[in-house]
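Per chain, numbering begins at 1; letters A, B, ... match sequence-line order.
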Amino acid sequence: MSFCYLPGEAYYIPVPPQDEEAAFDLVQEFKEVLESPSITKIGQNIKYDLVVLQRYGIDVQGPLYDTMLAHYLLEPDMRHNMDLLAETYLNYSPISIETLLGKGKHQLTMDKLPPLQVYEYACEDADVTLQLKNYFDPLLEKQGLKRLFHDVENPLLAVLGHMERAGVSIDAEALAESSISLETSIKEIEQKIFEHAGMEFNIGSPKQLGEVLFDKMQLGGSKIKKTKTGQYATGEEILSKLAFEHEIVQLILDHRQLTKLKSTYVDALPQLVCAEDNRLHTSYNQAVAATGRLSSTNPNLQNIPIRTEKGREIRKAFVPRDENHVLLSADYSQIELRIMAHFSNDATMKEAFQKGQDIHASTAAKVFHVPVDQVTSDMRRKAKTINFGIIYGISAFGLAERLAIPRREAADIIEAYFVEFPAVKQYMDSAINQAREQEYVETLLGRRRYLRDINSRNQNIRGYAERNAINAPIQGTAADIIKIAMINIDQWLRDEKLATRMILQVHDELVFDVPKEELEIVQPKIEELMKTALPLSVPMEIGLGTGDNWLAAH
DNA sequence: GTATTCTGG
DNA sequence: TTCTACCAGAATACG
C-alpha cells in the first residue's frame, strides 16, 4: 500500500474531488480485498494507510500484520523505518523517497509523479514489506512475542486509527482570549525583569539569562551550576533555589511559565484544527517509546497542562463535540504501584491495595512507624515521593534531592522502607539479576526491553540500565494493560453500534466523547473493561468523571 | 542540527 | 569522588 508519504499529516490529504475520479476509482478496485476479514493485510506502518484509505471510503478490516510493529517488539530501542529495516535485514537499499520526490519544502506529492515511477516504487515497497514479514515471523515466534504482536499491537493500530480520525473539539474562542491576557501579563513581567536587571535582554535565551543573573547580578554565590556545554544552568530547579535572593528570579520563572503556555498550547493548538471537521487530530506513534507506551505528536495531546492554575485554563478548552455530548475521563488509579505489588508479591503492599487504602498514606504509616490516622500531610507527601522513587529505581541522592533533605536521612528512609516492604527489595534485586543474565527484562505479556549496558564497567551507564531493569517491566506492563482495554472498548463500542468515541489516551487515562443518552450504558462498561483487561493479584481501581470540558471530567 | 527548558504520565 | 530517579514532544536560541 503506497500513497503520498506524509507521516502525521494524513488528515491534510484531500478527499479526491468529484471531477478527478481516476485515483478514487483505482482504489475501489481493492476495496473488497481490503475489507475482507479473511485476508491478512501486511504492511509497514499500516495505521497511515488505514487513515488515508478511510478518506477514500474504505474501512480496512483485520487481520493486520505491521512489519514496523514487528520490529518494534523485536528491537524496541531502535528505529523502525522501512529503509533502515531493508538495509539491516535484507541488505537492500530501496528507492529513497527523496530521490523520488525531492526534499525539503519543494518536495512533490506522489500524485504528481508519472504512474510508471509510482508503480516501480509501490511494487518495491510491497516486495520489501513481504520479505521483512518473512524475516521477522520466526523471530517473533522464537522470542515469545506472537501473542503480544497479534492480539495487542496489530489490533491496537486500527483502534488508534479510529481515535485519530475522531479527533477532539477545542474551544478556540476561549484560547484566543487566553492568548491576549497572557500577552499582557508577559509584557508586564518583562518590563519588571528589565528594570531589576538594569538592561534589556532576551529572557528566552538561557545563555543571556545566565550572564545577567550570574555575571552581572552576581546571584547564586557558590551554588552556581554549569551545563554540559559550560553555560550557566538556569532550569526551574536551579532558579527555585535562588528565588529568595532576588525577586527577579520568581519573575523569570513566571515569565517562563506564561511564554511556554502561550507558544506551545494557546497559540499553537488552534492552528492545528482541521478545516474540514473543525477538530484537532493528534497522531499516535506506536513504535517510539522503548517501554511500550504510546506517544502523541502534531500536536502532542499527552502533555496538556493540569498542574498549575493557568495551565488548567488550557485543559478547559478541550470540550465535547456539541451540547448533546459530555467528555468522560477514565483513569487507572496507581496502576504502576499495583503492578509493583503484583510483581513483587509483597504482602504489606498487596494488603494496602486489597483493603482499598490510600497507598501513600499507608506507605507513610509503615515507613514513619505511626498509625494511619496519625499520618500528617507532610509524611504523606514524603511517602508519595518514595513510592515514585521505588518505581524509578530509587537512590538516596535522588530522594534527598527531591525531598530537600540530607542524603543520610534519605538513605535511612529508604532502609526503613525496605524493612517494611522486603519483597519489593527482593523483586528489585531479582529484576537486576535477571537483566544481568539474559540482557533483557520483560513485561507481564512478554514485551522485552534489552539492557545491553547492564554489565558495563562504567558505573553511570550500568546504573542507568539497572534503573531501567526495575522501571521498564512496570511502565511496560501498564502500557500492555491499557492497550488491551482500548482494544476491548473499541470492539464493544462497535458491536453495540454506539456513537460514543474514544478520543484520547494519556498513558493511564482514556477520554471519551459521549452522547448524553449513552452515558448510563457506557460509563459502567468502560470501567469494567478497564478493570478486567489483564487481572492482577491486587484489585484495579478506575477513577471516572464527566463534564463539559476535560478539566471538569477529572 | 544540538542544547536547553518545560509540559505531561 | 561522581552523579543518578523512568518515559515522552515542542518551542526557542544559537552555531
Distance in angstrom units between [X] [atom1] and [N] [atom2], rounded:
X	N	atom1	atom2	result
N468(A)	dC6(C)	CG	C1'	7 Å
N471(A)	dA8(C)	CG	P	10 Å
Y72(A)	dC7(C)	OH	P	12 Å
M428(A)	dC6(C)	CE	P	12 Å

Taking the six-membered ring for Trp, are F388(A) and Y392(A) parallel (under 30°), tilted (30 to 60°) or perpendicular (over 60°)? tilted
Would you classify [X] as touching base, sugar-phosphate or nothing, given that sugar-phosphate means primed atoms plus P, OP1 and OP2, and contacts are heavy atoms under 4.0 Å?
X	value
I306(A)	sugar-phosphate
A472(A)	nothing
E236(A)	sugar-phosphate
E401(A)	nothing

Identify all pairs in which a protein N or O lies below 3.5 Å from an N or O of nucleotides 1-5 of chain C, and state each distance.
residue, atom, partner, partner atom, Å
dC3(C), N4, R407(A), NH2, 3.2
dA5(C), O3', R467(A), NE, 2.8
dA5(C), N7, R402(A), NE, 2.5
dA5(C), N7, R402(A), NH2, 3.3
dA5(C), N1, G389(A), N, 3.3

Taking side-chain hydrogen bond (donor to acceptor under 3.5 Å, both in side chains) as the cut-off, I'd like each qualifying pair that reaches into residues 244-254 of chain A, sequence neighbours left out, listed once.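 Residue pairs passing side-chain hydrogen bond (donor to acceptor under 3.5 Å, both in side chains), neighbours aside: Q250(A)-D254(A).
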Side chain of T264(A), backbone of L261(A): donor and acceptor closer than 3.5 Å? no
Side-chain donor/acceptor of Q286(A) to backbone N/O of E153(A), under 3.5 Å: yes
Please name all residues satisfying salt bridge (Lys or Arg N to Asp or Glu O under 4.0 Å) with [X], sequence neighbours left out, ordered by chain then number.
X	answer
R79(A)	none
E75(A)	R452(A)
D453(A)	none

Under a 3.5 Å cutoff, is there a donor and acceptor pairing between the side chains of [X] and [Y]?
X	Y	answer
S179(A)	D267(A)	yes
E420(A)	T348(A)	no
S430(A)	Q426(A)	no

Stems for DNA chain C (at least 3 consecutive Watson-Crick or G-U pairs, under 3.5 Å) come to B:1-9 with C:6-14
What range of DNA chain B does chain A touch, first nucleotide to last, counting atoms under 4.0 Å from its heavy atoms? dA3(B) to dG9(B)
Which residues pass the side chain to side chain contact (heavy atoms under 4.5 Å, CB included) test with D490(A), not counting sequence neighbours? V159(A), H162(A), R494(A), M502(A)
Contacts of F214(A) meeting side chain to side chain contact (heavy atoms under 4.5 Å, CB included) (sequence neighbours excluded), chain-then-number -> I224(A), Y232(A), T234(A), L242(A)
Euclidean distance for C1', dT2(C) against dT5(B) (whole angstrom): 24 Å
Nearest-angstrom distance, P atom, dA5(C) to dC6(B): 15 Å
Around atom CD of E87(A), are there more than 12 heavy atoms from other residues, nucleotides or ligands closer than 6.0 Å? yes
Across nucleotides 9-15 of chain C, 5' to 3', mark each nucleotide with B, S or - according to how protein heavy atoms within less than 4.0 Å reach it. BBSSSS-
Pairs involving residues 445-481 of chain A, ordered by first then second residue, that meet ring pair (Phe, Tyr, Trp, His ring centres under 6.0 Å) (sequence neighbours left out):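 Qualifying pairs, neighbours excluded: Y440(A)-Y450(A).
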Quick one: do K187(A) and E183(A) make a salt bridge, cutoff under 4.0 Å? yes
Salt-bridged, E415(A) to K425(A), with N to O below 4.0 Å? no
Which of residues 474-487 of chain A have a heavy atom under 4.0 Å from DNA chain B? Q475(A)
